[in-house]
Amino acid sequence: MSEDKKESLNFIEQIIEDDLKSGKNNGRILTRFPPEPNGYLHIGHAKAICINFETAKKYGGKTNLRFDDTNPTTEETEYVDSIQNDIRWLGYEWNGDAVYASDYFGQLYEFAVSLIKKGLAYVDDSTPEEIATMKGSPSVPGQDSPYKSRTIEENLTLFEQMKNGEFADGSRVLRANIDMTSPNMLMRDPIIYRIKKEHHHRTGDQWCIYPMYDFAHGQSDSIEHITHSLCSLEFIHHRPVYDWFIEKLGIFPSKQTEFARMNVEYMITSKRKLLKLVNDNYVIGWDDPRMPTISGMRRRGYPAAAIRNFCDKAGVAKRENTIEISLLEACVREELNKTALRAMVVLDPVKVVITNYPEDKTEILHAENNPEDPSAGSRDLHFGRTIYIEREDFMEQAPPKYFRMTIGADVRLKHAYILHCTGIDKNQDGEITTIYTTYYSDSKSGEDVSGIKPKGTLHWVDADNAVPCEVRMYDRLFTVADPTADDSKDFLEFYNQDSLKVIKNALMETSLSESKPGTQYQFLRQGYFCTDVDSAEGKIVFNQTVGLKDSFSKEVKK
RNA sequence: UGACCCAUAGUGUAACGGUAACACACCGGUUUUUGGUGCCGUUUUUCUAGGUUCGAAUCCUAGUGGGUCAACCA
């Protein structure tokens, strides 16, 4: 490979390349994605997944999937399954079988015993309140617990009794013996084991003491010989703790590196807030197409490749950031433009009669499925004397630069003929009921010899063959980019009441009536849509994924 | 009243001591049987003040601003 240009590396890649140069770990790279199985994955997790998997892949390494299941209170098998499903859908396969922090409970217990034997851990009988008080504050040093001076033998006995279930929940904890005066609050003798007589989703009732995050994560990394433990910046204060345990235990030195979390406009990732949206029926579920969950984005029609590309383009650094939603949408359009099948659907139909088209005549027209991809083939379109077009594609009083249908003007029907509009019918309310047109019989798509060059082209459906369908149109879930910015207001105050609009009586071309859930389309001139799981025999439902770029509406605003 | 992290166009990210660039957004043009796509182009950037250096976005110091850290959560 010739390298006239140095590829730009993010700071994590630079660390890895330095490690590679120095021969660290013999060039072996192993990362990990460590979710707690207590909820559904969202866009923030997608970012972490991409960083961990892509970074490893780039350097010939692998990525472990490890469930950080050290708190039996919150964790469930249901989440284990959905997390695995979401990761695979995103396009990643982990190294071997999924692993669990709970696989290491025995080893972790031994680690704790060895720490006690070195005088580096002690059992504390203080109440949670007492422990909190003695911890001090960021600017006030903490104080030693009266139990800190217990003998090794006493600690060994008490810890074993804790393990054997001889004490009540919350009555005692095991603490690391570090430094109560450290400026880092987490180094002030962190709790490493607590008593919880609860059923664990995998180990059942085998244990009644469970390790805390700080005594499980680093050690799990070490046990698996993770070389690069990549996590978000909020764990940066944990790193000294992480390193302390590895050093004192004398185990494999995994290295933690922190990157800034990715925030995205109009999206929230707080589990508590997302749960509120679901429980209070602001959305229909965790996979509501408006949700920032992976399952929601999937149902919305965002391709996995687009999400991966988005995470890549958002980059990796250490500064706080908020990515514009337009970047995500650009990635989605970029992908879908290449892959989505084109189709014609009229969302708000108005009838058009072609008065000079023979009453009993019908035609089959041919339409390409994707102009970007000839291999996508073509499909048949029915055509006849009566069709429907979009109500907003006709104007009685057309402004300049209006290229659509208006009386006296010509406009092309996509894949069909050029029409000349001659007049309209209205009902008593002034609403247009029928538009009358004539067609140029020599202007058929592909064999047009009419010489007429209308500026506009409209999508349409044939009245005799169009099929009714439901279309769900989505807007941002919130009315402001960051609904959590104002502490004095509840984020629900910014819920967008118009985030879902259901169109019950749209008309689709016949070819769509067999559509399977998940299939992605570009409805010509409307945007990208995909078939929803709510679709049933004879009742197809579409979700709007994202609109097309629309320079006409900008023109109108001027 | 402590420690730690951060500061480059509107938003992100790059430039690794050699004179700021890429993407998205924006604006303009062009192509087009999707007002889509494609193509071309315009505008806009190193928090402040000192210092080191022939030379600083980059190194040092201070300041300013933002963020993070005290749950028997992860």
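Basis for what follows: all heavy atoms, side chains included, without hydrogens, waters or symmetry-related copies. A note on names: the letters A, B, ... follow the listed sequences, proteins ahead of strands, and every chain is numbered from 1.
Among the heavy atoms of the strands, none lies under 4.0 Å from A/Met262. Here A/Phe235 lies in heavy-atom contact (under 4.0 Å) with a base. The residue A/Val316 sits close only to the backbone: its heavy atoms come under 4.0 Å of sugar-phosphate atoms, none of a base. Heavy atoms of A/Thr70 sit under 4.0 angstrom from primed sugar atoms or phosphate atoms, though from no base atom. Contacts of A/Asn10 with the nucleic acid, taken as non-hydrogen atoms under 4.0 Å apart, involve only primed sugar atoms and P, OP1 or OP2. Within the 4.0 angstrom heavy-atom criterion, only backbone atoms of the sugar-phosphate kind lie near A/Thr322; the bases stay farther away. Within 4.0 Å of A/Asp169, counting heavy atoms only, lies no atom of the nucleic acid at all. Residue A/Ser137 is in base contact, counting any heavy-atom pair closer than 4.0 Å across all strands shown. Looking at heavy-atom distances under 4.0 Å, A/His217 makes no contact with the nucleic acid at all. Residue contacts for A/Lys401: at a heavy-atom cut-off of 4.0 Å it reaches a base atom on one of the strands shown. Base engagement by A/Leu524 is indicated by at least one non-hydrogen atom pair under 4.0 Å involving a base atom. Using a 4.0 Å heavy-atom criterion, one finds that A/Glu324 contacts the bases of the nucleic acid, with or without backbone contacts as well.
Judged by distance alone, the side chains of A/Glu329 and A/Tyr302 never bring a donor and an acceptor atom under 3.5 Å apart.
Here the options are A/Arg150, A/Arg172, A/Glu130, A/Arg175, the test is side chain to side chain contact (heavy atoms under 4.5 Å, CB included), and the partner is A/Asp124; only A/Arg175 passes. Under the side chain to side chain contact (heavy atoms under 4.5 Å, CB included) test applied with A/Phe33, the options A/Asp68, A/Asn64, A/Leu65 reduce to a single match, A/Leu65.
Separation of the A/Phe67 and A/Tyr100 ring centroids falls under the 6.0 Å cut-off. Aromatic rings of A/Phe111 and A/Phe245 (six-membered ring for Trp) have centroids beyond the 6.0 Å cut-off, not under it.
When rounded to the nearest whole Å, the span between CD of A/Glu334 and C1' of B/G38 equals 13 Å. Regarding A/Arg412, its CZ atom lies at a distance of 5 Å from the C1' atom of B/U33, rounded to whole Å. Taking atom CZ on A/Arg404 and atom P on B/G36, their separation rounds to 11 Å, with Å as the unit. Atom CG of A/Asn321 and atom P of B/U13 are 5 Å apart (whole Å). A/Lys453 has its NZ atom 13 Å from the P atom of B/U31, to the nearest Å. Atom P of nucleotide B/C6 and atom NE2 of A/His237 are separated by 12 Å, given to the nearest angstrom.
Residue side chain A/Glu265 does not reach the base of B/G12 through any donor-acceptor N/O pair under 3.5 Å, judged by distance alone.
With a cut-off of 3.5 Å on both pairing distances, the Watson-Crick or G-U wobble partner of B/C22 is B/G12.
Of the two residues contacting RNA chain B, namely A/Asn38 and A/Arg525, the nearest-nucleotide position lying further toward the 5' end is that of A/Arg525. Residue-to-nucleotide proximity on RNA chain B shows that, of A/Asn184 and A/Asp68, the 5′-proximal contact is made by A/Asn184.
The aromatic rings of A/Tyr242 and A/His217 are tilted relative to each other, their planes meeting at an angle between 30° and 60°.
When the nucleotides B/G35, B/C73, B/U33 are ranked by their closest atom to the side chain of A/Ser551, B/G35 comes out on top.
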